[in-house]
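The shown structure was predicted, so the numbers you read here are calculated from the model rather than taken from an experiment. Each residue takes its place number in the sequence, starting with 1.
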Amino acid sequence: MRVLVVEDEQLLADAVATGLRREAMAVDVVYDGAAAQERIDVNDYDVVVLDRDLPLVHGDDVCRRVVELGLPTRVLMLTASGDISDRVEGLELGADDYLPKPFAFSELTARVRALGRRTATALPPVLERAGIRLDPNRREVFRDGTEIQLAPKEFAVLEVLLRSEGAVVSAEQLLEKAWDENTDPFTNVVRVTVMTLRRKLGEPPVIVTVPGAGYRI
């Protein structure tokens, strides 16, 4: 899942991004509304975590931009105001969910994951294929009943492959969904991560390399 965090309080923004990355999400961070609009115009995000009171371009205008572009991106709006009228106004702008500050990080994570599930074809909360069972909420992976410990990027890659339901996923698509914009697009990080993931999942191999196209399970 790829997430854009837009928050002008840099310490809060960076803390949220760090926490979401630990949950195996690819996260980009910006600190004002103008930068947010630039990112939204060029990158595909599953969820935007959007502070409402932003410098340069207000969060309301960023939300309107997402709606005007007709993007499948879901918007979780944050605000220091817990007033019900503000929540209603935010939702009427096109936000998909609303979370007042201060918030519990566990609730933020749960809401981001719930919104992320809405951006794609509906799938069961627990993903299963070829003897692999992945629970995104618990961050657990099992193969034939045996639990497998994965690093965050390995978990993210496996989740993307399972969500494709057997379709081929290119290295570029994996890079876009599992890594943030600071990753060098010419790096071999995808190949190395898939190789490590394949080894951890054991024999017989369940990740198939499709020459010139990508990977599938």
Nearest-0.5 Å distance, OG1 of residue Thr209 to CZ of residue Arg191: 10.5 Å
Cluster check Val67, Ile40: I/L/V/M/F/W/Y, side chain < 4.5 angstrom: no
Heavy-atom check, side chain of Cys63 versus side chain of Glu68, under 4.5 Å: no
Asp96 (side chain) donor-acceptor with Val75 (main chain) under 3.5 angstrom: yes
Heavy-atom side-chain proximity of Val157 to Val194 below 4.5 angstrom: yes
Side-chain (Gln37) to main-chain (Ala34) donor-acceptor, under 3.5 angstrom: no
Candidates His58, Glu7, Met77, Glu9 - the one meeting side chain to side chain contact (heavy atoms under 4.5 Å, CB included) with Asp51: Glu7
Verify same cluster id: Val5, Phe103 (apolar side-chain graph, 4.5 Å): yes
Flag side-chain contact, heavy atom, 4.5 Å: Asp135 against Arg139: no
Taking every non-hydrogen atom, the tightest pair across Ala13 and Val29: CB-CG1, 3.8 Å
Asn43 side chain reached by Arg2 side chain, heavy atoms, under 4.5 Å: yes
Sidechain-backbone polar pair: Arg52 side chain, Leu78 backbone, donor-acceptor under 3.5 Å: no
For the student: nearest non-hydrogen atoms of Val27 and Arg21, plus distance: O-NH2, 2.9 Å
Heavy-atom side-chain contact between Leu134 and Glu159 under 4.5 Å: yes
Heavy-atom check, side chain of Arg74 versus side chain of Val48, under 4.5 Å: no
Partner of Ile217 under side chain to side chain contact (heavy atoms under 4.5 Å, CB included), chosen from Val208, Leu201, Leu161: Leu161
CA sep, side-chain torsions, deciding dist, call: Leu158, Leu150, side chain to side chain contact (heavy atoms under 4.5 Å, CB included): CA-CA 9 Å; Leu158 181 59; Leu150 298 180; 3.8 Å; yes
Chi angles and distances behind the salt bridge (charged side-chain N to carboxylate O under 4.0 Å, His left out) call for Lys177, Asp46: CA-CA 9 Å; Lys177 290 292 185 183; Asp46 297 297; 3.1 Å; yes
Neighbour count >12 (heavy atoms, 6.0 Å) for atom CZ, Arg22: no
Separation between OG1 of Thr146 and CZ of Arg133, rounded to the nearest 0.5 Å: 13.0 Å
Minimal non-hydrogen separation, Ala171 against Val190, with atom names: O-CG2, 3.8 Å
Check: Asp32 side chain, Ala35 main-chain N or O, donor-acceptor pair, under 3.5 Å: yes
Student check: side-chain heavy atoms of Leu108 and Val16 closer than 4.5 Å: yes
Criterion side chain to side chain contact (heavy atoms under 4.5 Å, CB included) on Thr73 and Val47, from CA distance to verdict: CA-CA 5 Å; Thr73 303; Val47 179; 5.8 Å; no
Flag if over 12 foreign heavy atoms under 6.0 Å of CZ, Arg216: no
Considering all heavy atoms, the nearest Gln173-Val168 contact: OE1-O, 4.0 Å
Steps toward side chain to side chain contact (heavy atoms under 4.5 Å, CB included) verdict (Leu99, Arg111): CA-CA 9 Å; Leu99 187 61; Arg111 288 175 183 265; 3.5 Å; yes
Where Leu174 and Tyr215 come nearest, the two heavy atoms and their spacing: CD1-CD1, 3.8 Å
Side-chain donor-acceptor contact under 3.5 Å, Asp14 with Tyr31: yes
Contact summary for Ala36 and Leu4, nearest pair of heavy atoms: O-CD2, 4.1 Å
Connected via hydrophobic side-chain network under 4.5 Å: Leu12 and Leu20: yes
Cationic N near anionic O, under 4.0 Å, Glu154 to Lys200: yes
Connected via hydrophobic side-chain network under 4.5 Å: Leu50 and Leu69: yes
Cation-pi check, Arg39 onto Tyr45 ring (under 6.0 Å, within 45° of axis): no
Met25 and Arg113: CA distance, side-chain angles, deciding distance, side chain to side chain contact (heavy atoms under 4.5 Å, CB included) verdict: CA-CA 10 Å; Met25 301 181 197; Arg113 285 204 176 279; 3.7 Å; yes
Same cluster (ILVMFWY, side-chain, under 4.5 Å), Val49 and Phe105: yes
Note, Thr193 side chain near Trp179 side chain (heavy atom, < 4.5 Å): yes
